[in-house]
There are 2 protein chains.
Amino acid sequence: MAVRTRQSQRRRQVLTRERIVETAVELLDTVGEGALTVRALTGRLATGPGAIYWHIGNMDELLEAATDAVVATALATQPAGRAEVTEAGAPQDEIRAVALGLFDAVTEHPWLATQLAVQLTRNPWGPVTLRIFESIGRPVRALGVPRGDWFATTSTLVHYILGATAQTSQSSGDGSETDRAEFLDTASRAWQDLDPDDYPFIRAIAGQMREHDDREQFRTGVDLVLTGITTLHPPTASRPPAPE
Amino acid sequence: MAVRTRQSQRRRQVLTRERIVETAVELLDTVGEGALTVRALTGRLATGPGAIYWHIGNMDELLEAATDAVVATALATQPAGRAEVTEAGAPQDEIRAVALGLFDAVTEHPWLATQLAVQLTRNPWGPVTLRIFESIGRPVRALGVPRGDWFATTSTLVHYILGATAQTSQSSGDGSETDRAEFLDTASRAWQDLDPDDYPFIRAIAGQMREHDDREQFRTGVDLVLTGITTLHPPTASRPPAPE
DNA sequence: ACCTGAACACCGTTCAAGT
DNA sequence: ACCTGAACACCGTTCAAGT
């Protein structure tokens with residue numbers, strides 16, 4: 001009987017902000033975007049709305065926290081977050097790795113595509129964007145880009161990456177191979193039926209569209225931007241790792 | 001008797017899909033995103049929800065139509081939608097013009113930033129995306145990019161453009177100069193206070209961030225991608241406009 | 001300090017009924 | 001064919017009350 005008061009917090013499990021964010025990610029992953037409601041949350045966590053709002057300010061804040069959590073893990077999974085540059089081609093590889101890390105995260109968590117875009121527009125310099133800028137900016141610096149161009153160059157890369165991941169097609173279905181093939185086939189056919197006067201270009205690329213691989217095309221895009229960077233800023237031997 | 005049925009449509013003004021879309025754009029422009037509700041619409045149009053739903057399928061469809069309408073005008077305002085290529089540098093200029101046209105449209109209609117991003121993710125090959133691809137794809141073709149690379153090259157440009165316009169800062173206030181300066185100042189200061197171990201790069205560019213001009217940086221970004229394209233596909237004299 | 005749960009003010013959407 | 005307007009099923013968020 002004396003135990004009662006002290007132990008009152010043992011409950012089934014303490015409700016923390018972290019646990020709420022975790023559950024939010026779970027809901028988004030399993031039931032999908034739009035299934036993340038305060039009521040769904042209270043159901044899974046066996047509490048009331050008041051409990052949720054004690055830990056988080058509002059729904060937008062929760063969405064941001066969920067996005068940031070997933071992005072953080074995606075970027076941490078990268079080969080080496082803060083590794084020293086050892087060989088000449090390393091910065092490019094690091095940029096490719098970060099980019100693909102984000103791309104794959106979007107594939108794993110389809111809701112992330114929308115959320116990354118929403119964060120970028122509604123919260124341009126929030127934690128999510130900042131984290132991504134930092135991850136891309138470091139290798140950009142290591143690339144030998146002059147200091148005055150760090151910001152613009154990094155922005156270009158980040159904007160491309162986020163634009164591209166935003167479109168990564170979530171072809172309605174369960175994401176199977178056949179689903180995707182069917183989707184591309186229907187789209188490609190629709191493109192060929194467009195008005196030749198209004199959409200000559202789209203009609204012309206309908207074939208390429210059916211054959212294309214999103215991830216491969218994304219790599220190509222990253223490399224295209226990298227080519228632009230190294231063309232504008234040829235790696236002169238002006239940086240430390242230049243002896244020998 | 002014969003006239004009656006004909007004239008029945010005079011009412012105070014006929015409710016059409018177009019008029020609904022126009023009103024939606026007005027609401028978005030004046031009161032802002034999130035003020036576009038079916039009830040606000042019925043108020044302005046002096047009808048009931050049923051009337052709205054007779055003309056449009058649902059809210060998402062209306063948002064898409066509103067976005068498409070604004071994008072269409074923005075792209076039509078371009079110097080010459082389907083002009084012949086007369087001089088060598090023209091395709092690049094056309095790409096810059098389309099890009100800036102979209103950028104300026106986002107500045108004029110802040111809600112467009114979110115909607116472009118949302119359309120790209122939720123409706124990757126809907127009318128909005130298609131229109132933008134067509135506008136960028138034509139000059140890409142004129143640039144002399146080999147046929148097999150049309151799709152990937154155009155995608156890269158479009159993804160950069162949409163990623164960049166997505167972030168175009170809508171600094172909460174009314175968009176005045178002082179508002180913006182204040183916003184950049186606060187952000188810049190916040191960046192300098194970040195943990196040096198976690199965010200060395202962000203801290204290093206805090207200064208550039210305060211000074212930067214969104215539109216100018218956007219131009220730089222477009223040119224960077226263009227440099228990548230022309231480096232990978234040097235304009236050989238393989239296309240018609242090559243004499244002299 | 002942390003949680004409960006009823007209540008509030010709002011949504012988008014439907015649908016029988018009218019003209 | 002086109003429109004009315006009440007009604008439905010849902011939201012996010014608040015807040016007095018409990019422990």
Side-chain angles (χ1 to χ4, degrees), chain A residues 1-25 27-28 31-67 111 114-115 118 122-123, chain B residues 1-25 27-28 31-67 111 114-115 118 122-123:
Chain A
M1 226 22 162
V3 191
R4 185 176 21 138
T5 27
R6 288 289 199 82
Q7 298 293 61
S8 74
Q9 344 164 296
R10 84 179 140 62
R11 240 159 242 282
R12 64 195 84 221
Q13 210 178 20
V14 212
L15 186 63
T16 62
R17 188 187 151 95
E18 274 164 23
R19 220 159 78 80
I20 297 175
V21 174
E22 270 172 35
T23 313
V25 172
L27 271 168
L28 289 164
V31 204
E33 205 166 359
L36 177 61
T37 66
V38 176
R39 276 159 181 83
L41 233 30
T42 58
R44 288 229 180 182
L45 292 167
T47 56
I52 305 283
Y53 281 91
W54 174 262
H55 293 279
I56 62 145
N58 56 39
M59 210 54 182
D60 280 359
E61 194 185 310
L62 178 57
L63 243 359
E64 177 179 76
T67 306
W111 53 272
T114 316
Q115 279 311 308
V118 168
R122 292 220 247 270
N123 205 358
Chain B
M1 203 56 163
V3 189
R4 181 171 25 127
T5 26
R6 289 289 198 80
Q7 297 294 61
S8 73
Q9 342 164 298
R10 85 181 136 62
R11 233 159 248 282
R12 67 191 86 218
Q13 210 178 21
V14 213
L15 186 63
T16 62
R17 188 188 151 95
E18 274 164 23
R19 220 160 77 80
I20 297 175
V21 173
E22 270 172 35
T23 313
V25 172
L27 272 168
L28 289 164
V31 205
E33 204 166 0
L36 177 61
T37 65
V38 175
R39 278 160 181 84
L41 233 32
T42 58
R44 289 228 179 182
L45 292 167
T47 56
I52 306 282
Y53 281 92
W54 175 261
H55 293 278
I56 62 144
N58 56 38
M59 210 54 183
D60 279 359
E61 193 184 310
L62 177 57
L63 244 358
E64 177 178 77
T67 306
W111 53 273
T114 316
Q115 279 312 307
V118 168
R122 293 220 246 269
N123 205 359

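- In this structure, A:L27 CG and A:L45 CG are separated by 8.5 Å, a value rounded to the nearest 0.5 Å.
- Judged as a side-chain hydrogen bond (donor to acceptor under 3.5 Å, both in side chains), the pairs with a partner in residues 42-52 of chain B (not counting sequence neighbours) are, in order, B:E26-B:R44.
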**Request:** Would you give a per-nucleotide map of nucleotides 13-19 of chain C, 5' to 3', where B means the base has a protein non-hydrogen atom under 4.0 Å away, S means only the sugar-phosphate does, and - means neither?
**Result:** BBB----

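- Take A:A35 and apply the side-chain contact (heavy atoms from CB on, under 4.5 Å) test, not counting sequence neighbours, and it matches A:V31.
- Counting to the nearest Å, the P atom of C:dC2 and the CD atom of A:E18 are 14 Å from each other.
- For the pair B:L27 CG and C:dG12 P, the interatomic distance rounds to 12 Å; values are reported in whole Å.
- Helical stems involving DNA chain C, defined as 3 or more consecutive Watson-Crick or G-U pairs under 3.5 Å, span C:4-8 with D:12-16, C:12-16 with D:4-8.
- Taking A:E22 as the reference, nothing meets the salt bridge (Lys or Arg N to Asp or Glu O under 4.0 Å) condition, with sequence neighbours excluded.
- A:R19 places its CZ atom 15 Å from the P atom of C:dC2, with the value rounded to the nearest Å.
- With hydrogens and angles disregarded, a donor-acceptor distance shorter than 3.5 Å links the side chain of A:R19 to the backbone of A:V14.
- Look at B:H55 and you'll find a side-chain N or O under 4.0 angstrom from OP1 or OP2 of D:dC3.
- Under the salt bridge (charged side-chain N to carboxylate O under 4.0 Å, His left out) criterion, no residue pair touches residues 47-57 of chain A, with sequence neighbours excluded.
- Listed candidates were D:dT4, D:dC2, C:dC3. Nearest to the side chain of A:L15 is C:dC3.
- Applying the side-chain hydrogen bond (donor to acceptor under 3.5 Å, both in side chains) definition to pairs two or more places apart or across chains, those involving residues 51-66 of chain B are B:R17-B:E61, B:E64-B:N123.
- Distance check: A:I52 CD1 to A:I20 CD1 gives 4.5 Å after rounding to the nearest 0.5 Å.
- We find that CD1 of A:I56 is positioned 10 Å from C1' of D:dG12, with the value rounded to whole Å.
- With sequence neighbours excluded, no residue forms a salt bridge (Lys or Arg N to Asp or Glu O under 4.0 Å) with B:R39.
- When rounded to the nearest whole Å, the span between CD of A:E61 and C1' of D:dG12 equals 14 Å.
- A:L36 comes within 4.0 angstrom of the backbone, heavy atoms only, and of no base.
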